Amino acid sequence: MSNEIEIGRGKRARRVYTFDEIGIVPTRRTRDPELVSTAWSIDAFQFEIPVLGAPMDSVMSPEQAIQLGRLGGLGVLNLEGLWTRHENPEPLLAELATITDEVTAVKRMRELYAAPIKPELIRDRLGQIRDAGVTVAGALSPHRTAEFTDTVVKAGVDLFVIRGNTVSAEHVAEEGRTPLNLKQFIYELDVPVIVGGAATYQSALHLMRTGAAGVLVGFGGGASSSTRVTLGIRAPMASAIADVAGARSDYLDESGGRYVHVIADGGLGTSGDLIKAVACGADAVMLGGALAKASDAPGLGWHWGQEAHHEDLPRGRRVQVGSVAPLAEIVNGPSHIADGSSNLVGALRRAMATTGYSELKEFQRVGIVYAER
């Protein structure tokens, strides 16, 4: 049966699904949460929990990346943010937290982000994370990747993330500007690369063929993003993840056994969203707003992405998310509130136990129901 609908005589649209429209269903077996493993690995790196901290200044500082690493996850540092432009960004983050007027905030953010990226700060920030003994990950946008790759690799990064609203294997650049050749770049780089976002089967398959170790799924769906309003682009995450997971399966056959990890990125506000992302086929999730709510987050109760201060077309908002609990409680609990904003991994464990699954890969086979709202 076709899942296309007619929106007018000259146009048809594909029916897709959000997390709010689906749910997981129990099986005939249950188990104790203590018997459940949330461990996963990418390349040679092992993690106890499938949580990556998004490379956003309101979410990950070097200290928060270290703390998330010690909690069993992976913190990804934004290598184009305030931490690599300013020697001491903490007073600047505190200043931003005092500005409530949005126009004033965007103006000030543009001033702060206009400072040049300093290679020595990239080196020092990544070195700080490395010295703490956790896995080191840093992110650049596609148009900055070629410029700073050598600096990042020499700093000893373990995992390299190329993250944008939309990253394609084929990018057409203006005359005189050389586009990033992802396949050549990844082939020549001696570091595993995670790249995205992608939201369709075909775009994900192309990214997998570049040699990426992982593909980020989603764009424009996070708490601070207004891509849907400004550009009209939307990718409901339940369908996007399922599509990219389908590309992963087909690429596994095509490549003769090479497994590319699917990482959900965007629109994951609660523990229920995290659980449904894995159920749809994600190996792990990248969290932004959910971790920006930590009382020790660098955004101090505010959350924003790179798009919020874009010089030509802002496609994001600086949103006040408040402070729920320390990072450790948000990730691993115990929770003191019942709205799905803390003990995210504990909720995942319980969902897996309730549906009878002991490992994340098994849980990707859980039954899903659709309930029209």
Side-chain angles (χ1 to χ4, degrees), residues 52-62 65 75-87 89 109-127 129 136-198 207 210-216 219-220 222 224-225 227 265-266 286 288 304-316:
L52 290 79
M56 307 168 84
D57 283 346
S58 54
V59 180
M60 286 287 113
S61 63
V76 184
L77 191 66
N78 175 16
L79 301 180
E80 298 175 43
L82 298 179
W83 293 93
T84 58
R85 297 175 190 264
H86 300 275
E87 290 283 351
M109 289 169 74
R110 283 176 168 170
E111 292 171 352
L112 296 177
Y113 283 93
I117 299 170
K118 300 179 175 65
E120 63 272 19
L121 287 180
I122 292 179
R123 178 199 64 205
D124 294 346
R125 305 306 189 200
L126 293 176
I129 299 172
V136 184
L140 290 170
S141 60
H143 75 283
R144 292 281 196 176
T145 295
E147 182 180 358
F148 292 108
T149 295
D150 287 346
T151 301
V152 174
V153 173
K154 288 177 182 177
V157 73
D158 294 315
L159 289 162
F160 190 88
V161 178
I162 303 175
R163 184 178 188 254
N165 281 118
T166 308
V167 177
S168 64
E170 300 177 22
H171 178 72
V172 180
E174 62 183 323
E175 187 175 353
R177 183 176 178 180
T178 304
L180 175 66
N181 184 323
L182 265 179
K183 189 169 186 176
Q184 181 180 345
F185 174 82
I186 292 173
Y187 177 78
E188 294 175 352
L189 195 67
D190 195 26
V191 173
V193 176
I194 298 171
V195 62
L207 290 178
T210 66
V215 170
L216 299 172
F219 52 84
S224 66
S225 174
T227 297
D265 179 16
M286 178 173 276
W304 66 91
Q306 294 289 94
E307 306 86 2
H309 50 81
H310 193 278
E311 62 273 14
D312 297 322
L313 184 64
R315 299 183 304 283

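These figures come from a predicted structure and were not determined experimentally.
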Any side-chain heavy atom of Asn78 sitting closer than 4.5 Å to one from Met60? no
Any side-chain heavy atom of Val136 sitting closer than 4.5 Å to one from Leu159? no
Can you name the nearest heavy-atom pair linking Gly138 to Val76, along with the distance? C-CG1, 4.0 Å
Report yes if the side chains of Thr210 and Phe185 come closer than 4.5 Å at any heavy-atom pair, otherwise no. no
With the side chain counted from C-beta on, respond yes when Leu112 and His86 share a heavy-atom pair under 4.5 Å apart, and no when they do not. yes
Look up atom CD1 in Ile129 and atom OG in Ser61, then write down how far apart they are to the nearest 0.5 Å. 8.5 Å
Could you tell me whether the side chain of Leu182 reaches within less than 4.5 Å of the side chain of Leu207, counting heavy atoms only? yes
Lys118/Asp124 ion pair, N-O < 4.0 Å: no
Taking all heavy atoms of Arg125 and all of Pro89, pick out the closest pair and write down the distance. NH2-CD, 3.8 Å
Between Met56 and Trp304, the two heavy atoms sitting closest are CE-O, 3.5 Å
May I have the step-by-step check of side chain to side chain contact (heavy atoms under 4.5 Å, CB included) for Val195 and Leu216, ending in yes or no? CA-CA 6 Å; Val195 62; Leu216 299 172; over 6 Å; no
Quick check: closest heavy atoms across Pro192 and Asp158, and the distance to 0.1 Å? CD-O, 3.3 Å
Nearest heavy atoms of Arg123 and Ala155, plus distance in Å: CA-CB, 3.9 Å
Between Tyr113 and Asp57, a side-chain donor and acceptor under 3.5 Å: yes
Ignoring hydrogens, what is the shortest heavy-atom contact between Pro55 and Met286? Give both atom names and the distance. CD-SD, 3.7 Å
Is Glu147 salt-bridged to Arg144, going by a charged N under 4.0 Å from an acidic O? yes
How long is the gap from OG1 on Thr84 to CG on Leu121, to the nearest 0.5 Å? 7.0 Å
Taking atom CD1 of Ile117 and atom CZ of Arg85, what is their separation to the nearest 0.5 Å? 4.0 Å
What do the steps show when you test Ser141 against Arg163 for side chain to side chain contact (heavy atoms under 4.5 Å, CB included), and what is the final call? CA-CA 5 Å; Ser141 60; Arg163 184 178 188 254; over 6 Å; no
Run through Val152, Ile162, Val193, Leu79 and flag the one making a side-chain contact (heavy atoms from CB on, under 4.5 Å) with Thr145. Ile162
Decide yes or no for Phe160 and Thr149: does some side-chain heavy atom of the first lie under 4.5 Å from some side-chain heavy atom of the second? yes
